[in-house]
Amino acid sequence: MPSSAPYYLKGSPMTIRFNRVVGWLARHGVSLAGTAEMSVRGRTSGRMQRVPVNPHTHDGGRYLVSARGHSQWVRNMRAAGGGELRVGRTVRAFTAVELPDEEKLPILRTYLEKWGWEVNQYFQGVTARSSDEEIAAAAHDHPVFRITVRS
């Protein structure tokens, strides 16, 4: 019997340690290939939760993609509607709107082109070279938020 739970792939202990290092580096002003540390208010705790992310630009829009699926930061973002991106002392507040699955294809393809070396393992065989149909079929498992940085 298939599970009705939304897709989420928990990070391995090694991945969790790597993410801590990437987040620490971003907090201290070092961005690896464009990474940043995102803070979003927890939907139950009310405290700011931090996680390293790969902000992605496509056709002039800025996006956050959840490679691992419907994670805690995704659930918090849905409730909070925005957060902050940090690299060193530069903190940018943003609002976020989740995209419907039918709008995700071009963003997911270009995201996989840029970040596939890091995230392909979470896309269950889908890569930047996959067909439009294959990427579209995976879209439901990978939330995408269009972000607008507040000035």
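Count residues from 1 along the sequence. Here the structure is a predicted model, which means the values were calculated and not measured.
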Applying the side-chain contact (heavy atoms from CB on, under 4.5 Å) criterion to Q72, which one of R43, M77, Q49 satisfies it?
R43
Knowing that exactly one of V126, N120, V119 qualifies, which makes a side-chain contact (heavy atoms from CB on, under 4.5 Å) with Y122?
V119
G69 backbone acceptor or donor facing D141 side chain under 3.5 Å:
no
Look at the aromatic rings of H56 and H58 and report parallel, tilted or perpendicular, splitting at 30° and 60°.
parallel
Would V74 end up clustered with V144 when hydrophobic side chains under 4.5 Å apart are linked, directly or stepwise?
no
Kindly indicate whether the side chain of P106, heavy atoms from C-beta on, has any atom under 4.5 Å from the side chain of D59.
no
Taken to the nearest 0.5 Å, the spacing of R109 CZ from T127 OG1 works out to 8.0 Å
Side chain W73, main chain H70, donor-acceptor under 3.5 Å
no
Answer yes if the ring centres of F123 and H142 are under 6.0 angstrom apart, and no otherwise.
yes
Please test M38 against L64 for side chain to side chain contact (heavy atoms under 4.5 Å, CB included), starting from the C-alpha separation and ending with a verdict.
CA-CA 10 Å; M38 179 187 65; L64 294 174; 3.6 Å; yes
Apply salt bridge (Lys or Arg N to Asp or Glu O under 4.0 Å) to the pair E98 and R78, showing each step before the final yes or no.
CA-CA 8 Å; E98 189 168 3; R78 288 173 178 151; 2.8 Å; yes
With no hydrogens and no angle check, is any side-chain donor or acceptor of R50 less than 3.5 Å from a backbone partner on P52?
no
Can you tell me if S12 uses its side chain to pair, donor with acceptor, with the backbone of T15 under 3.5 Å?
yes
How far does CZ of R47 sit from CG of N76, to the nearest 0.5 angstrom?
11.0 Å
Is a side-chain donor-acceptor pair under 3.5 Å present for E113 with T110?
no
Derivation and outcome, salt bridge (Lys or Arg N to Asp or Glu O under 4.0 Å), residues R146 and E103
CA-CA 11 Å; R146 179 181 300 110; E103 292 180 23; 3.7 Å; yes
Determine whether the side chains of H28 and R86 contain a donor N or O and an acceptor N or O closer than 3.5 Å.
no
What residue among I107, L108, T57 forms side-chain contact (heavy atoms from CB on, under 4.5 Å) with Y63?
I107
Taking the side chain as every heavy atom from C-beta outward, state whether I147 and T95 have any atom pair closer than 4.5 Å.
no
Go through the side-chain N and O atoms of E118 and N54 and say whether any donor and acceptor fall under 3.5 Å apart.
yes
Check: E134 main-chain N/O paired with S130 side-chain donor or acceptor under 3.5 Å:
no
